[in-house]
Structure formats: structure tokens, C-alpha cells
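Contents: one structure, followed by commentary.
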Protein chains: 2
Amino acid sequence: MTERQAGSTTPKAHLIAAEVRRRIVEREWLQGERIPDEVELAVEFGAARATVNKALQLLADEGLLDRRRRAGTRIAINPVRKATFEIPIVREQIEGAGMSYGHRVMAVHRSPLPEDVALRLGMAAGQRLLHLRAVHYGDGRPFQYEDRWINPAALPGTEPVDFGHVNANEWLVRNAPYLRADMAFSAANADRRDARMLQTDPGQALLILQRTTWNEIGAITTVRVACHPGYRMTAAN
Amino acid sequence: MTERQAGSTTPKAHLIAAEVRRRIVEREWLQGERIPDEVELAVEFGAARATVNKALQLLADEGLLDRRRRAGTRIAINPVRKATFEIPIVREQIEGAGMSYGHRVMAVHRSPLPEDVALRLGMAAGQRLLHLRAVHYGDGRPFQYEDRWINPAALPGTEPVDFGHVNANEWLVRNAPYLRADMAFSAANADRRDARMLQTDPGQALLILQRTTWNEIGAITTVRVACHPGYRMTAAN
DNA sequence: CAGTGGTCTAGACCACGAG
DNA sequence: TCGTGGTCTAGACCACTGG
């Protein structure tokens with residue numbers, strides 16, 4: 001780090017972070033130990049304190065460091081690591097995998113909210129919202145089956161949309177920015193409807209994704225996505 | 001934003017980010033539109049450019065903005081949002097839920113790598129690694145069943161460990177910091193062993209977590225975790 | 001109460017890439 | 001080519017919180 005990397009475009013903060021990470025991984029600094037403070041490191045690395053700060057913040061965000069005012073910076077004892085999943089538009093995901101995309105709306109109704117869905121949305125059960133069921137296909141084979149509830153009251157200033165023909169997934173992503181979102185993964189045995197929609201057998205284990213979004217008005221939409229058998233949701237780092 | 005928030009400890013960069021987010025969510029700025037450049041916003045918000053930069057970087061990391069040199073900053077058309085899951089130590093997760101933790105090692109062997117595991121690790125099949133099977137309990141009920149392979153060669157400078165008695169999950173977290181990790185969620189029907197370990201029935205849908213870590217030497221460990229039926233992995237935002 | 005990280009600022013130079 | 005974001009710096013003040 002004393003030598004300047006010739007021709008490198010890597011930000012100095014990243015280089016410092018990498019060097020600190022190396023000292024941790026190669027056990028020069030052990031879990032629980034306190035490391036030099038920002039000013040010392042700034043001198044060592046020939047950088048401004050702000051740059052060292054940025055580097056250490058990166059590592060703290062990764063869960064590798066534990067930083068506290070006055071107490072200093074320590075190597076985390078239990079590095080709580082994080083996995084980040086990107087939630088792309090289904091169509092892009094399918095086309096990105098080199099398959100052709102298809103989409104079919106199986107049902108659109110204005111229906112009273114069942115108890116469990118109302119709970120997810122934080123609304124009263126029995127209220128009538130838009131209920132939508134659709135299947136996304138990749139190369140003609142079912143990829144995901146989504147069961148979605150939409151709250152039109154949370155979508156002011158937009159034309160009424162015919163979700164029987166429009167792709168709700170894409171329309172919402174593009175037209176309903178949200179402030180808060182909730183997300184959960186679980187597994188479930190396919191019920192008869194899941195099985196029919198995904199062209200598989202009842203009882204088949206399915207990865208279930210549940211997602212709800214809110215804006216300043218209230219809940220926008222909640223969706224339960226059943227993925228085709230064998231689907232893997234992956235994250236790097 | 002012109003008025004200074006009296007007594008607020010919220011960083012100015014966060015306030016700016018919140019205001020920009022509001023303009024997006026309330027459709028003052030529409031998807032695809034270009035927003036004022038950093039210098040203009042700095043003037044409007046009475047902040048330094050670096051502060052505005054930090055705020056906009058936050059939103060870009062969220063996937064809400066699309067920033068490019070020379071081209072400026074635009075509201076993302078397809079906001080690819082992210083969900084972040086924290087991977088805690090199992091014991092802390094269980095105790096954090098108010099349950100008592102239990103742990104039992106069901107088997108420890110030095111075995112030749114099966115084809116599929118070797119592939120995950122990027123090693124040659126047939127090589128002999130440490131193979132470990134263990135169950136984590138919450139209030140006496142099975143919580144997770146883990147099937148783990150450990151590469152001792154990637155753990156130099158540490159005493160040999162008796163994983164028959166030590167909790168591998170915790171020992172590795174604390175003693176084997178890694179440089180890269182891989183992670184995937186999927187669903188599977190419980191096979192006979194899964195069912196026995198988790199005290200449930202074969203065929204039951206289980207959430208499967210698969211995780212592999214590497215350091216500068218090579219693969220450290222790979223684990224397949226089968227969660228008890230009904231388990232939900234949640235993320236906020 | 002004093003040491004440490006958290007944040008902001010004004011200014012600067014540079015890299016990228018759209019036009 | 002040149003406007004825009006990316007990054008760094010030196011310096012400053014402040015907010016925590018451990019001792």
C-alpha cells in the first residue's frame with residue numbers, strides 16, 4: 001500500500017479496505033482485537049482520514065468490523081454476514097437466461113380480502129381489492145405463478161389499468177415506486193392450484209416468495225410467487 | 001429542506017436522500033427523467049457537493065437512480081430492488097427468538113467428496129474432506145439440519161478441532177473469515193434422512209439454504225441447511 | 001471529560017463517455 | 001471535447017460513550 005498502484009483505477013478506499021480485509025483473513029488481526037484508529041491508519045496508508053473512514057465503513061457494513069465512538073474499531077467476533085438478492089422484473093430474468101418470455105393472466109377479480117392477506121397488507125379483512133393470478137413462462141414452460149392483490153387507492157394520478165392485459169409485475173415496478181417493502185422466502189408443498197398452474201404434481205416442494213410494498217398512502221400490493229420446481233435463488237457475496 | 005431541522009441528529013445526506021425519494025415516490029420526478037446535477041442540488045439544499053453525492057449514491061445503491069458520468073442522473077426505469085438477508089449464527093437466531101438452544105452432532109467422518117459437492121467447492125471429486133452432519137434445536141424441537149463439508153487445508157494456523165464436540169457453525173464463523181461466499185435458496189421435498197433429522201415426514205417441503213465460503217487458500221466449507229417445515233426467511237427493505 | 005468515529009465543507013483533479 | 005459524476009484532501013465541528 002505504500003507503493004502507488006501504477007495505472008490502477010481502483011479507488012484508494014477500496015485498496016485500503018482490501019488490505020484491512022487481508023489482515024483479518026490472514027489472521028494478522030484476530031477477532032475481537034482493536035485495530036489502529038482512523039488517524040493512525042490514514043498516516044500508514046498515506047490517505048486522508050475521510051478515505052480511511054470510507055474504507056472502514058465498507059467493512060463495517062459487511063459485518064466484518066464493529067465500530068463505536070470512543071471505543072474504537074474492533075474485528076467483529078461474530079461477523080454477521082449478509083446476502084443480497086436482486087429482485088429483477090420476471091421478464092428480464094427469463095430473457096436474461098436466454099429463454100423466450102411468455103405471460104398469461106389466469107384471473108382478475110375484485111374480491112374481498114381474506115384474513116391472511118389483509119394481515120399482510122395491514123388492512124381490514126373483507127375490503128374489496130383487485131385480485132390477480134398470472135403465470136410467467138420461459139420457453140413455454142411455467143416459470144412462476146403469482147397470486148397478487150393490488151390496492152388501487154394507493155395508485156393515484158395514474159390511468160386505470162386493465163390488468164387483464166397488462167403485465168402487472170412490470171406495470172407496478174415502473175409506475176408504483178414504494179417507500180417500504182417486505183420480503184420473505186419459504187417452502188411449501190404445491191396445492192392443486194399451484195400444481196395446475198406450474199404443470200407439476202401436488203405435493204411438489206416449491207420455493208415461495210412473498211412480497212409486499214407500501215408508499216405514503218398505504219399498502220400498494222402484496223404478492224405470493226410460487227417458483228417452478230428446482231428453482232434456485234442465488235446471491236453472490 | 002431549506003429550513004434546518006432543529007435538534008435533528010439525522011445526517012444531512014439522509015435528509016437529502018429522503019427528499020429525493022419523496023419526489024420520486026410522489027411522482028414529481030418521473031421514471032426515466034433526468035434530475036438536476038449534483039452542483040445544482042447542492043445549491044438547492046445548501047450542502048456541499050460531496051454531501052449530495054453521498055445522498056444520491058445511497059439511492060443509486062438502492063436501485064432507484066441510474067447515474068452515469070457525463071449523462072447525469074436519471075430516475076431508474078426498472079428499479080431493480082434488492083433484498084438483504086442477514087445470516088446470523090444459528091444459536092443467536094434461536095436464542096433471539098426466545099427459545100433455548102440445543103445442538104447435536106449426528107456424524108463426523110473423513111469421506112471422499114461426492115461429485116456434486118466437489119463441484120460446489122471447485123475441487124476434485126474423491127478427495128477426502130471432513131463430513132459433518134448436525135441438528136440445531138430450539139426448545140428441543142429440530143430447527144435446522146446441516147450437512148457440511150470442511151476443508152482443513154484452508155484452515156492453517158489453527159489447532160486441530162474436534163468437530164464431534166465443537167459447534168462447527170460457530171467455530172467457523174469465528175475462526176475462518178472468508179473472502180468470498182456463495183449462497184442459494186431453494187425448496188426440496190424431505191428425503192428420509194431429512195425427515196428423520198427434522199422429525200417430520202418424507203415429502204414435506206423444506207426451505208434449503210446452501211452456502212460455500214472461500215479464502216485465499218481455497219474453499220473452506222460448504223453446507224446444505226434444511227430448515228424445519230414452515231420456516232420463513234425474511235428481509236426488510 | 002476526553003478520545004474516537006460521524007459528518008460536513010470547499011476545493012481540487014480526474015475518468016468516463018455522450019454528443 | 002467537455003460536462004458530469006467519482007474520488008480524494010485537509011480541516012473542522014460534533015456526537016457519542018468509555019473510563
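Residue numbering restarts at 1 for every chain, and letters A, B, ... go by the order of the sequence lines. Worth saying up front: this structure is predicted, and the values here are computed from it rather than measured.
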Check: Does some side-chain heavy atom of A/Arg34 sit less than 4.5 Å from a side-chain heavy atom of A/Thr73?
Finding: no

- Task: For B/Asn175 and B/Trp171, indicate whether the former's side chain and the latter's backbone hold a donor-acceptor pair under 3.5 Å.
- Result: yes

Using a cut-off of less than 4.0 Å, is there contact between a side-chain N or O of A/Thr73 and OP1 or OP2 of C/dT4? no

> Base, sugar-phosphate, or nothing: which does A/Arg68 touch, judged by heavy atoms less than 4.0 Å apart?
Replying inline: sugar-phosphate

Whole-Å distance, A/Lys54 NZ to C/dG5 C1', equals 17 Å

When A/Ala50 and A/Ala71 are each assigned the nearest nucleotide of DNA chain C, the 5'-most assignment goes to A/Ala71

Ion pair present between B/Arg23 and B/Glu44, side-chain N to carboxylate O less than 4.0 angstrom? yes

From CZ of A/Arg49 across to C1' of C/dG5 the rounded distance in Å is 6 Å

Between B/Leu56 and A/Ala48, whichever has its closest DNA chain D nucleotide further toward 5' is B/Leu56

Please determine whether a side-chain nitrogen of the Lys or Arg among B/Glu216 and A/Arg21 lies less than 4.0 Å from a carboxylate oxygen of the Asp or Glu. no

**OP:** Flag the pair B/Arg81 and A/Glu86 as a salt bridge only when some basic side-chain nitrogen lies within less than 4.0 angstrom of an acidic carboxylate oxygen.
**Re:** no

With a 4.0 Å cut-off (strictly under) to non-hydrogen atoms of chain A, the first and last hit nts on DNA chain D, 5' to 3', are D/dT7 to D/dG19

The test is side chain to side chain donor-acceptor pair (under 3.5 Å); show your working for B/Glu146 and B/His136 and say whether it passes. CA-CA 8 Å; B/Glu146 67 171 66; B/His136 302 273; 2.7 Å; yes

Checklist entry - What does B/Arg67 touch in the nucleic acid at a heavy-atom separation under 4.0 angstrom: a base, only the sugar-phosphate, or nothing? => result sugar-phosphate

(message) Base of C/dA2, side chain of A/Arg70 - is there a donor-acceptor contact under 3.5 Å?
(response) yes

